[in-house]
2 protein chains.
Amino acid sequence: MGATFPSMSSSSAVPAAKPPIRDALVAAAFRLFLERGFEQTTVDDIVALAGVGRRSFFRYFPSKEDVVFPDHEGCLADMTAFLAASGPEHEPVRRVCDAARLVLRMYAENPAFSVQRYRLTRQVPGLRAYELSVVWRYERALAEYLRGRFAGRPDGTLRADVIAAAVVAAHNNALRSWLRSDGVGDAGAAVDHALAYVQMTYARPADAPALWSGPAGAEPGPGGDVVVLVSRRDAPLWRVVQELETVLDRP
Amino acid sequence: MGATFPSMSSSSAVPAAKPPIRDALVAAAFRLFLERGFEQTTVDDIVALAGVGRRSFFRYFPSKEDVVFPDHEGCLADMTAFLAASGPEHEPVRRVCDAARLVLRMYAENPAFSVQRYRLTRQVPGLRAYELSVVWRYERALAEYLRGRFAGRPDGTLRADVIAAAVVAAHNNALRSWLRSDGVGDAGAAVDHALAYVQMTYARPADAPALWSGPAGAEPGPGGDVVVLVSRRDAPLWRVVQELETVLDRP
DNA sequence: TCGGCTGAGGGTACTGAGTGTCGCATCCTC
DNA sequence: GAGGATGCGACACTCAGTACCCTCAGCCGA
């Protein structure tokens, strides 16, 4: 109700003279969407309520769906900049988790607005599809960053894609549960918990440890021969598995 | 070019008298899409070429985008049935990986068609958005199954969502790389490799295998203590990994 | 002061996707 | 063969999105 509407207020340097007409369109659109539904509201209804010409709507928003996500473009730009500003000193998985937290911050900045939008996107298939494409762009940004960091590693792009998907899924799991509870409670803590699960699973030190392995003498017992693998306890698990695959001669 | 077009040929019991008009629409649509592009082709063009009435197009396909994915609805039904037919004896993560392989099988059944469609979806934003919503439904099916299997566990829904996303990402990573190489090579092997990575990460069986492992006497060398793992050579890799995780005392 | 330039916004008309409705033909059943 | 169900075509309509052109304000150099 009394929620203020986000326009483009990203962390960009210049406020850039935000046009009041854009905010008027968002406000009018949400009023009508909540009153009579998204599909029952035409663009003409919105521009009539906002008091602007129909053509102006499409000057500010490429499509009717865009007006529901007026702040994601800026948030995506922030995330891209955040990742681009990363250095080799940052642990990659932790870095993409931090990038995901930028999205949460945007939602948490305006709980009432976010909850309203969540209810809307849940019941309008068209909006859900649009949201998927937005989420997909976030995921691609994370994956591209990880691909760069994992370049050269075996299965680097696979690892990058899987971890990006896991981060997004964990983030959305916590975010949606927060939105479903009407935005009460600590969203940041919930997302931290969810992302910790992903970090716990995937975050491994980048430097390769001294790992020694070798098949010991085979002793054909009753069930086949035996493999003995010796490894440092603090070796990254995936390295151990890699060695295991080599030893076992399996893909 | 000479590719046959899939209609709904899922593994349903009855062939169910597949309507030739549907196949005609798909064939006509793809001919025109490849000739002059998706957006440059109107529904009127398609129905004119197929020789049917315009209204019939929307009887078979809810939208113009649907005609590009004529077989996904059936595949999704197959996957849902596959998961519904699962029992407690199936390891959950392995089960969703097998479910994902159903999708790959659909793509691999018709490589030429799949490659054409991939090229189309890559360059048409509207189709990409539509594909995302299709993939999302697969992912939700996997996640719902896992949520059921993980019910009661701490963070069960989180684990379910993350693993479902990881499976889909791994599957798509391998699938897209196969499609990008024009459908040559063994798609099944590529997907198996990608899914093995996910299984390796997440699969945790309930029953203990015939696998013996144990940390040998620690010998604190210059880099930390050492783990010795002994395993049958024919033991499943993920089982070995599970034991490793236990030994290493990591999540 | 004048004339032209530019850029934001308004107005109109058009294309094309998707829907509702009606009428007609065919087929199946009793 | 009557009656109902189903499948298809034809027409009309709504609405999102686009192209084109208009106005008007501000701003410039001459």
Q: Verify the contact: side-chain N or O of A:Y60 to OP1 or OP2 of C:dG9, cut-off strictly under 4.0 Å; return yes or no.
A: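 Yes.
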Of the candidate nucleotides [options], which contains the atom at the shortest distance from the side chain of [X]?
| X | options | result |
| --- | --- | --- |
| B:R54 | D:dC8, C:dG18, C:dG10 | C:dG18 |
| B:R59 | C:dG18, C:dG10, D:dC8 | D:dC8 |
| B:V52 | C:dA17, D:dG9, C:dG9 | D:dG9 |
| A:R55 | C:dG18, D:dC20, D:dG17 | D:dC20 |
| A:I21 | D:dG9, D:dA16, C:dG9 | C:dG9 |
| B:K64 | C:dA17, D:dC8, D:dA16 | C:dA17 |

Please report, rounded to the nearest Å, how far the [atom2] atom of [N] is from the [atom1] atom of [X].
| X | N | atom1 | atom2 | result |
| --- | --- | --- | --- | --- |
| A:L25 | C:dG9 | CG | C1' | 12 Å |
| A:L32 | D:dC15 | CG | P | 14 Å |
| A:I46 | D:dA16 | CD1 | P | 8 Å |
| B:D66 | C:dT19 | CG | P | 11 Å |
| B:D44 | D:dA12 | CG | C1' | 14 Å |
| A:R22 | C:dA8 | CZ | C1' | 16 Å |
| A:F58 | C:dA8 | CZ | P | 19 Å |
| B:Y130 | C:dA17 | OH | P | 15 Å |

Q. Between A:Y107 and A:Y118, does the ring centre distance come in under 6.0 Å?
A.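 So the answer is no for these two rings.
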Q.
Can you confirm whether A:R180 is buried at CZ, in the sense that more than 12 heavy atoms of other residues, nucleotides or ligands lie under 6.0 Å from that atom?
A.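 Check passes, neighbour count above 12.
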Q: Tell me which of B:G51 and A:E65 sits closer to the 5' end of DNA chain D, going by the nucleotide each one is nearest to.
A: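 Upstream on the strand: B:G51.
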Q) Does NZ or CZ of B:R101 lie under 6.0 Å from the centre of the six-membered ring of B:F82, at an angle within 45° of the ring axis? A)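 Negative - B:R101 is either too far from the ring of B:F82 or too far off its axis.
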Q: Tell me, please, whether A:F33 has A:K64 positioned over its six-membered ring: NZ or CZ under 6.0 Å from the ring centre and within 45 degrees of its axis?
A: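 Pair A:K64/A:F33 does not count as cation-pi.
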Q: Salt-bridge test for A:E91 and A:R149: reply yes if a basic N is under 4.0 Å from a carboxylate O, no otherwise.
A: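 Salt bridge flag = no for A:R149 with A:E91.
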